[in-house]
Amino acid sequence: MKVLCVEDNATQRKMVDLMLAATGIDVDFAADGQEALEAYQTTEYDAVLMDMEMPGMSGLQATREIRLVEDGFHLGYTPILFLSANESADRIDMGYQMGGDGHLNKPFTSSALINALDSVMRAVKRRGLDLRQAI
C-alpha cells in the first residue's frame, strides 16, 4: 500500500512515518497542498492523509483539486482522510463537501490512524467506487 501524507509540520510528518513504518505502508510526504497535487499527478497512491490547514494551498483546496483531476482524467477514486486539530462540526462537514472521506482529530495514536485509514478504505470499497489505477 502506498500513501501520500500531506502535512506542513515536520514533527507531525515524522510521527506519521514512525506510526506507519511497522505496517509496511509506503509513505510519501508533501509539505503543502500544492506539493500534494503535484505528487498526486505523478504517482499512484492508495490513499491520502491530508492536513486540513496549511499555508498556501490548504488541504481542503488540495482535496478539491485532486477530485477535479480524478474527474477530468477519468481516474479511479483515491480515499482521503483528513488529519486536523480542528474538531468543529462545520469544518469537518466542509472536509466532506470538498471530497474527503474521513476525519481524524490530532493528536492521535498509531492504532487510531491505522483504524481510520482502514475505515475510509473500506467505506470507499463499499460505495463501489473504482479505486485509482495507474496513470
Side-chain angles (χ1 to χ4, degrees):
M1 179 174 198
K2 189 166 185 76
V3 171
L4 175 62
C5 177
V6 187
E7 172 63 61
D8 63 326
N9 182 299
T11 302
Q12 290 286 330
R13 286 193 301 267
K14 182 69 172 170
M15 286 177 44
V16 168
D17 196 28
L18 291 171
M19 288 177 176
L20 296 180
T23 66
I25 295 173
D26 184 19
V27 184
D28 286 347
F29 291 92
D32 60 36
Q34 186 61 46
E35 282 184 26
L37 187 56
E38 291 167 10
Y40 179 82
Q41 291 173 323
T42 61
T43 305
E44 181 181 348
Y45 293 103
D46 297 299
V48 176
L49 304 174
M50 183 76 74
D51 186 11
M52 276 185 150
E53 298 177 22
M54 296 175 285
M57 184 185 290
S58 74
L60 293 168
Q61 293 167 313
T63 296
R64 183 69 192 130
E65 292 296 320
I66 286 171
R67 295 299 181 228
L68 291 172
V69 168
E70 287 174 345
D71 290 344
F73 290 96
H74 307 289
L75 299 175
Y77 191 87
T78 304
I80 298 176
L81 174 64
F82 281 112
L83 309 176
S84 178
N86 189 334
E87 299 179 45
S88 142
D90 289 341
R91 199 72 171 153
I92 292 169
D93 287 345
M94 178 67 73
Y96 286 111
Q97 290 171 18
M98 296 304 255
D101 300 291
H103 183 273
L104 181 62
N105 291 329
K106 294 179 186 179
F108 47 81
T109 63
S110 296
S111 61
L113 177 59
I114 293 164
N115 288 338
L117 184 56
D118 183 58
S119 178
V120 296
M121 296 293 291
R122 288 176 189 266
V124 167
K125 287 180 184 176
R126 277 194 306 272
R127 290 188 345 235
L129 297 171
D130 291 328
L131 297 179
R132 184 171 182 199
Q133 302 299 313
I135 296 174

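The structure presented is a predicted model; accordingly, all values stated were derived computationally and were not measured. Computation of the quantities below employed the complete heavy-atom set of this structure, encompassing side-chain atoms and omitting hydrogens, waters and symmetry-equivalent molecules.
- Annotation for Gly59 and Met54: closest pair N-CE, 3.5 Å, computed over non-hydrogen atoms.
- Residues Leu81 and Asp101 fail the side-chain proximity criterion, which asks for heavy atoms closer than 4.5 Å.
- Using modelled atom types, one side-chain atom of Thr42 and one backbone atom of Ala39 make a donor-acceptor pair closer than 3.5 Å.
- When the side chains of ILVMFWY residues are joined at heavy-atom separations under 4.5 Å, either directly or via intervening members, Met94 and Ile92 end up in two distinct hydrophobic clusters.
- Here Thr63 contributes atom OG1 and Leu68 contributes atom CG; the two are 11.0 Å apart, rounded to the nearest 0.5 Å.
- Connection of Leu18 to Leu83 is not established within any shared hydrophobic cluster, with ILVMFWY side chains joined at heavy-atom distances below 4.5 Å, either directly or through further cluster members.
- Here the straight-line distance linking atom CE of Met98 with atom CZ of Phe82 works out to 8.0 Å at 0.5 Å rounding.
- With sequence neighbours left out, Asp26 forms a salt bridge (Lys or Arg N to Asp or Glu O under 4.0 Å) with Lys2.
- Taking both residues in full, the closest heavy atoms of Ala30 and Ala36 are given as CB-N, 3.6 Å, listed atom of the first, atom of the second, then distance.
- Linking Ile, Leu, Val, Met, Phe, Trp and Tyr residues whenever their side-chain heavy atoms come within less than 4.5 Å places Met1 and Val27 in a single cluster.
- Under a 3.5 Å cut-off, the side chain of Arg67 and the backbone N or O of Gly99 do form a donor-acceptor pair.
- In this structure, Asp51 CG and Ser58 OG are separated by 9.5 Å, a value rounded to the nearest 0.5 Å.
- Between the side chain of Asp28 and the backbone N or O of Leu4 there is no donor-acceptor pair closer than 3.5 Å.
- Of all the heavy atoms in Pro55 and Asp8, the pair that sits closest is CD-OD2, 3.3 Å.
- Atom-to-atom distance recorded for Tyr45:OH and Ile66:CD1 is 10.0 Å, nearest 0.5 angstrom.
- Scored by the salt bridge (Lys or Arg N to Asp or Glu O under 4.0 Å) test, Arg64 finds no partners at all (sequence neighbours excluded).
- When the shell of 6.0 Å around CE of Met19 is examined, it contains more than 12 heavy atoms from other residues, nucleotides or ligands.
- At distances below 3.5 Å, at least one donor-acceptor pair connects side-chain atoms of Glu70 with backbone N or O atoms of Thr78.
- With hydrogens and angles left out, the side-chain atoms of Glu65 and Gln61 include no donor and acceptor closer than 3.5 Å.
- The two residues Gly33 and Val6 have their closest heavy-atom pair at N-CG1, 4.3 Å.
- Taking each heavy atom of Met57 and Gln34 in turn, the nearest pair found is CE-OE1, 3.3 Å.
- No salt bridge links Lys125 with Asp46; every basic N to acidic carboxylate O contact stays at or beyond 4.0 Å.
- The shortest distance between side-chain heavy atoms of Lys106 and Glu7 falls below 4.5 Å.
- Expressed to the nearest 0.5 Å, how far CZ of Phe29 lies from CD of Glu35 amounts to 12.5 Å.
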Apply side chain to side chain contact (heavy atoms under 4.5 Å, CB included) to the pair Met52 and His103, showing each step before the final yes or no. CA-CA 10 Å; Met52 276 185 150; His103 183 273; 4.1 Å; yes

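- In plain terms, the two heavy atoms of Met50 and Ala62 that are nearest each other are CE-CB, 3.9 Å.
- Looking only at side-chain heavy atoms (C-beta outward), Tyr40 and Ile80 stay at 4.5 Å or farther from each other.
- Under a cutoff of 6.0 Å and an axis angle of 45°, Arg127 and Tyr77 form a cation-pi pair.
- Between the side chains of Asn86 and Glu53, at least one donor N or O lies within less than 3.5 Å of an accepting N or O.
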Acceptor/donor pairs from residues 111-118 side chains to any protein atom, 3.5 angstrom cut, sequence neighbours excluded:
| residue | atom | partner | partner atom | Å |
| --- | --- | --- | --- | --- |
| Ser111 | OG | Thr109 | OG1 | 3.3 |
| Asn115 | ND2 | Ser111 | O | 3.1 |
| Asp118 | OD1 | Arg122 | NE | 3.2 |
| Asp118 | OD2 | Arg122 | NE | 2.8 |

